[in-house]
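Both backbone and side-chain heavy atoms feed into the values below; hydrogens, waters and symmetry mates do not. Just so you know, residue 1 is the first one in the sequence shown, and it goes up from there.
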Amino acid sequence: TYWRAEAVDETDVVRFGTYGRGIWDYLLDPPTAGKWTRYGENLSGANILDLEATSIPNIGFHQSLELSDANTAAPGWVQVGSARAEFPFAGGTLLVLPEPLQQGNTTRLPFMTDALGRASIGFDIPNDVAWVGRTLTHQALVRDALMPQGLARSNGLEMTVGY
């Protein structure tokens with residue numbers, strides 16, 4: 001049983017005052033910020049879009065991806081998966097493993113580009129420590145009649161979740 005707990009200023013220590021068992025310090029793991037890593041850049045073919053993240057991917061926070069260089073007023077989606085890929089697909093390079101290869105572990109985040117060919121795509125990371133260290137990959141695809149198979153693609157973004 002403890003009577004009091006307090007954070008020690010400027011340290012990663014929580015100090016507990018117990019009932020009859022003394023004072024105990026508990027050292028917290030230092031927080032680690034999540035990160036985004038770009039991959040699959042400068043590819044030829046239909047990989048002409050730019051996908052960038054504008055937030056730090058930590059648990060419990062809203063994330064924002066920014067897409068540019070797309071067809072105007074066009075539908076698209078961000079393909080989310082658990083592993084990087086790099087294989088030819090419909091005139092470009094697919095950088096996220098598609099759903100059949102991952103047995104349902106992918107997600108699509110739909111969006112519509114604006115009059116300048118840009119889009120903001122938002123999603124939330126659950127406030128759950130089980131997500132810390134998890135890695136997910138992202139690639140945007142946009143309908144474009146001028147591209148092979150009618151799809152323009154972006155670079156890939158790999159997200160490592162922190163707290």
Side-chain angles (χ1 to χ4, degrees), residues 7 10-12 28-163:
E10 299 180 26
T11 69
D12 292 322
L28 301 172
D29 291 332
T32 57
K35 67 177 181 172
W36 291 97
T37 305
R38 292 174 65 100
Y39 69 98
E41 297 182 278
N42 303 316
L43 297 172
S44 60
N47 292 77
I48 60 169
L49 309 177
D50 185 56
L51 185 63
E52 185 63 64
T54 61
S55 52
I56 298 173
N58 288 342
I59 59 172
F61 285 92
H62 183 77
Q63 301 303 299
S64 183
L65 301 177
E66 300 297 325
L67 179 74
S68 59
D69 303 326
N71 199 13
T72 61
W77 67 92
V78 172
Q79 187 76 44
V80 182
S82 59
R84 289 185 186 192
E86 190 169 328
F87 57 89
F89 174 73
T93 304
L94 195 59
L95 299 170
V96 174
L97 288 179
E99 199 165 327
L101 295 178
Q102 290 186 317
Q103 301 171 355
N105 291 332
T106 48
T107 301
R108 287 184 176 190
L109 305 171
F111 61 85
M112 182 72 81
T113 61
D114 64 16
L116 298 174
R118 298 181 304 205
S120 290
I121 304 99
F123 62 95
D124 295 320
I125 298 175
N127 193 13
D128 181 350
V129 294
W131 278 72
V132 174
R134 185 172 180 185
T135 300
L136 296 172
T137 55
H138 304 75
Q139 182 181 24
L141 295 93
V142 176
R143 297 280 180 205
D144 187 336
L146 300 178
M147 291 290 113
Q149 302 296 318
L151 285 176
R153 294 160 195 79
S154 73
N155 55 287
L157 279 179
E158 183 177 72
M159 174 183 78
T160 303
V161 179
Y163 65 98

Sequence neighbours left out, what pairs pass salt bridge (charged side-chain N to carboxylate O under 4.0 Å, His left out) with at least one residue falling in residues 128-138? none
For Tyr163 and Ile125, what are the C-alpha separation, side-chain angles and deciding distance, and is it a side chain to side chain contact (heavy atoms under 4.5 Å, CB included)? CA-CA 10 Å; Tyr163 65 98; Ile125 298 175; over 6 Å; no
In sequence, state the C-alpha distance, the side-chain angles, and the governing distance for Met159 and Leu65, and then conclude on side chain to side chain contact (heavy atoms under 4.5 Å, CB included). CA-CA 11 Å; Met159 174 183 78; Leu65 301 177; over 6 Å; no
Distance-only, no hydrogens or angles: does the Asn155 side chain make a donor-acceptor pair with backbone N or O of Leu51 under 3.5 Å? yes
Listed by chain and number, what are the salt bridge (Lys or Arg N to Asp or Glu O under 4.0 Å) partners of Glu52, not counting sequence neighbours? Arg38
In chain order, what residues pass the side-chain hydrogen bond (donor to acceptor under 3.5 Å, both in side chains) check against Ser55, with sequence neighbours excluded? Gln63
How would you list all residue pairs meeting side chain to side chain donor-acceptor pair (under 3.5 Å) that involve residues 86-95, not counting sequence neighbours? none
For a 4.5 angstrom cut-off between non-hydrogen side-chain atoms, does Val80 reach Val78? yes
Mind checking whether Thr137 and Tyr39 have side chains closer than 4.5 Å, heavy atoms only? yes
In the structure I gave you, are the side-chain heavy atoms of Ile48 and Asp69 within less than 4.5 Å of one another anywhere? no
Going by ring pair (Phe, Tyr, Trp, His ring centres under 6.0 Å), name the residues that satisfy it together with Trp131, two or more places apart in sequence or in a different chain. none
Which residues satisfy the side-chain contact (heavy atoms from CB on, under 4.5 Å) test with Leu116, sequence neighbours excluded? Asp114, Arg118
Short side-chain to backbone donor-acceptor contact, Thr54 and Ser64, under 3.5 Å: yes
Run the ring pair (Phe, Tyr, Trp, His ring centres under 6.0 Å) test against Phe61 and tell me which residues pass, sequence neighbours left out. none
With Asn42, which residues qualify under side-chain hydrogen bond (donor to acceptor under 3.5 Å, both in side chains), at least two apart? none
For Asn127, which residues count as a side-chain contact (heavy atoms from CB on, under 4.5 Å) partner, sequence neighbours excluded? Ile59
So, do Gln79 and Arg108 sit near enough that their side-chain heavy atoms are less than 4.5 Å apart? yes
State whether the side chain of Thr113 and the backbone N or O of Ala73 hold a donor-acceptor pair below 3.5 Å, judged by distance alone. yes
Can you list everything that forms a side-chain contact (heavy atoms from CB on, under 4.5 Å) with Arg143? Sequence neighbours excluded, please. Pro75, Trp77, Leu151
By salt bridge (Lys or Arg N to Asp or Glu O under 4.0 Å) - contacts of Glu66 (at least two apart): none
Ser154 and Asn47: which non-hydrogen atoms are nearest, and at how many Å? O-ND2, 3.4 Å
On a heavy-atom basis, which atom in Leu49 and which in Ala140 lie closest, and how many Å separate them? CD1-O, 4.3 Å
If I take atom CG from residue Asn58 and atom OG1 from residue Thr160, how far apart are they, to the nearest 0.5 angstrom? 11.0 Å
Should Gln149 and Phe89 count as side-chain neighbours, where that means a heavy-atom distance under 4.5 Å? no
Going by the rule side-chain contact (heavy atoms from CB on, under 4.5 Å), which residues pair with Ala46 if we only count those two or more places apart in sequence or in a different chain? Met147, Pro148, Arg153
State the CG-CG distance between Leu157 and Leu136, to the nearest 0.5 angstrom. 12.0 Å
Identify the heavy atoms of Thr72 and Ala115 that sit nearest to each other, and give their distance. CG2-O, 3.1 Å
Would a distance-only check, ignoring hydrogens and angles, find a side-chain to backbone donor-acceptor pair under 3.5 Å from Gln139 to Leu95? yes
